[in-house]
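Numbering of ligands and ligand atoms starts at 1, following listing order. Hydrogens, waters and symmetry mates play no part in the numbers below; they use all other heavy atoms, side chains included. Everything quoted here is computed from the prediction, not taken from an experiment.
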Amino acid sequence: MNSIELKSRAKINLSIDVLGKREDGYHLVEMIMQTIDLYDIIKIKELESKEVIVKSNSSDIPLNENNIVYKAAELIRSNYNIKKGIEIFIEKNIPVAAGMAGGSSNAAAVLVGLNKLWGLNLSENQLQELGFKLGADVPFCIAGKAALAKGVGEELTYIKGLPKDISILICKPELFVSTKDVYEGLDLNNIKYRPNNEYLISCLENNDVESLAKNMVNVLETVTSKMHEEIKEIEKVMNESNALGAMMSGSGPTVFGLYNKKEDALRGKEELLKKYKQVYVVNSSEEGVEINGQLN
Ligand code: ATP
């Protein structure tokens, strides 16, 4: 039986600016995305039957047609008229509904996996175009690395990312944040601080993480941190353990801190674990979806 296993990596945002709103309700953004080495494992195997079955070790995600991996599989099956059934197992490590593109990256992994499993020979670009139909972050998740994302998030310019030796402390508080509510809470005509993306990109080019960390801005943070004081509390703990800077990712509630020294990040982790369960120290990654292995 054919099967394939992939790594599906998460992202953080080193900046988010929101420039406006399209007629269809989507927001126009300009943001820096960075892939990190925190990943889910996606296992796909062909079935005798013709159905798509989704399984997971996590009870936080739907295991039916509402799971984005189901939609990704159906998109490939209908576009290329493939009748074969598959089982997709999601081993979840990426916090769910966190601002880390967990779902988008799972969908990206399924597109890459089925392309390989069924020998479709689609290029990375073609996969990204397909991925965009599933969500604005899916094209980024396919190739990973670091990028400036414009449009609704799908117009990607690849840039130099965070150096590999920078430790990234991630903390996802047990809060539910609705992305829709956060965007609706943003007053587009009244944004006080915006990121200077050109400057942040030049910091990355010069390996100047200190300046980058001091100047990171996520315009959505003001909205989310007004709803939940934990965001600022987590940042405080990170700053007190020598983070170069700390900020919220996506629409939250995940907060990350950048550190020169791993031992400082681990100290921050220990402190945060007293109150929060989902706390990780990771590094940046240059890969998006990665094929772990294929069995025929
Ligand atoms: P983004 O950064 O793109 O906004 P996110 O990290 O905030 O993503 P996800 O983890 O992708 O959010 O989950 C958003 C919602 O999608 C959740 O409510 C979850 O139930 C649903 N969902 C569907 N499929 C998946 C999946 N495979 N993994 C995670 N969430 C999924």
Please report, to 0.1 Å, the donor-acceptor pairs under 3.5 Å made by any side chain of residues 269-282, with sequence neighbours excluded.
unit_1: E271; atom_1: OE1; unit_2: K274; atom_2: NZ; d: 3.0
unit_1: K275; atom_1: NZ; unit_2: E233; atom_2: OE1; d: 3.1

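For the pair N283 and K164, the tightest heavy-atom approach, listed with the atom from each and the gap, is ND2-O, 2.9 Å.
A side-chain donor-acceptor contact under 3.5 Å links K160 and N207. No side-chain donor-acceptor contact under 3.5 Å links T35 and R9.
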What are the atom names and distances for all N or O pairs under 3.5 Å between ligand 1 and the protein?
unit_1: ligand 1; atom_1: 2 (O); unit_2: M100; atom_2: N; d: 3.4
unit_1: ligand 1; atom_1: 2 (O); unit_2: A101; atom_2: N; d: 2.9
unit_1: ligand 1; atom_1: 3 (O); unit_2: D137; atom_2: OD2; d: 2.9
unit_1: ligand 1; atom_1: 6 (O); unit_2: A98; atom_2: N; d: 3.3
unit_1: ligand 1; atom_1: 6 (O); unit_2: G99; atom_2: N; d: 3.0
unit_1: ligand 1; atom_1: 6 (O); unit_2: M100; atom_2: N; d: 3.0
unit_1: ligand 1; atom_1: 6 (O); unit_2: A101; atom_2: N; d: 3.1
unit_1: ligand 1; atom_1: 7 (O); unit_2: A98; atom_2: N; d: 3.4
unit_1: ligand 1; atom_1: 7 (O); unit_2: G99; atom_2: N; d: 2.9
unit_1: ligand 1; atom_1: 8 (O); unit_2: A101; atom_2: N; d: 3.4
unit_1: ligand 1; atom_1: 10 (O); unit_2: A97; atom_2: N; d: 2.9
unit_1: ligand 1; atom_1: 11 (O); unit_2: G103; atom_2: N; d: 2.7
unit_1: ligand 1; atom_1: 24 (N); unit_2: N67; atom_2: OD1; d: 3.2
unit_1: ligand 1; atom_1: 24 (N); unit_2: I68; atom_2: N; d: 3.2
unit_1: ligand 1; atom_1: 27 (N); unit_2: N67; atom_2: OD1; d: 2.9
unit_1: ligand 1; atom_1: 27 (N); unit_2: N106; atom_2: OD1; d: 3.0
unit_1: ligand 1; atom_1: 28 (N); unit_2: K92; atom_2: NZ; d: 3.3
unit_1: ligand 1; atom_1: 28 (N); unit_2: N106; atom_2: OD1; d: 3.4

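Checked by atom type and distance alone, the side chain of S105 never pairs as donor or acceptor with a backbone atom of A10 at under 3.5 Å. Checking side-chain atoms of N115 against main-chain N and O of N121 turns up a donor-acceptor pair under 3.5 Å.
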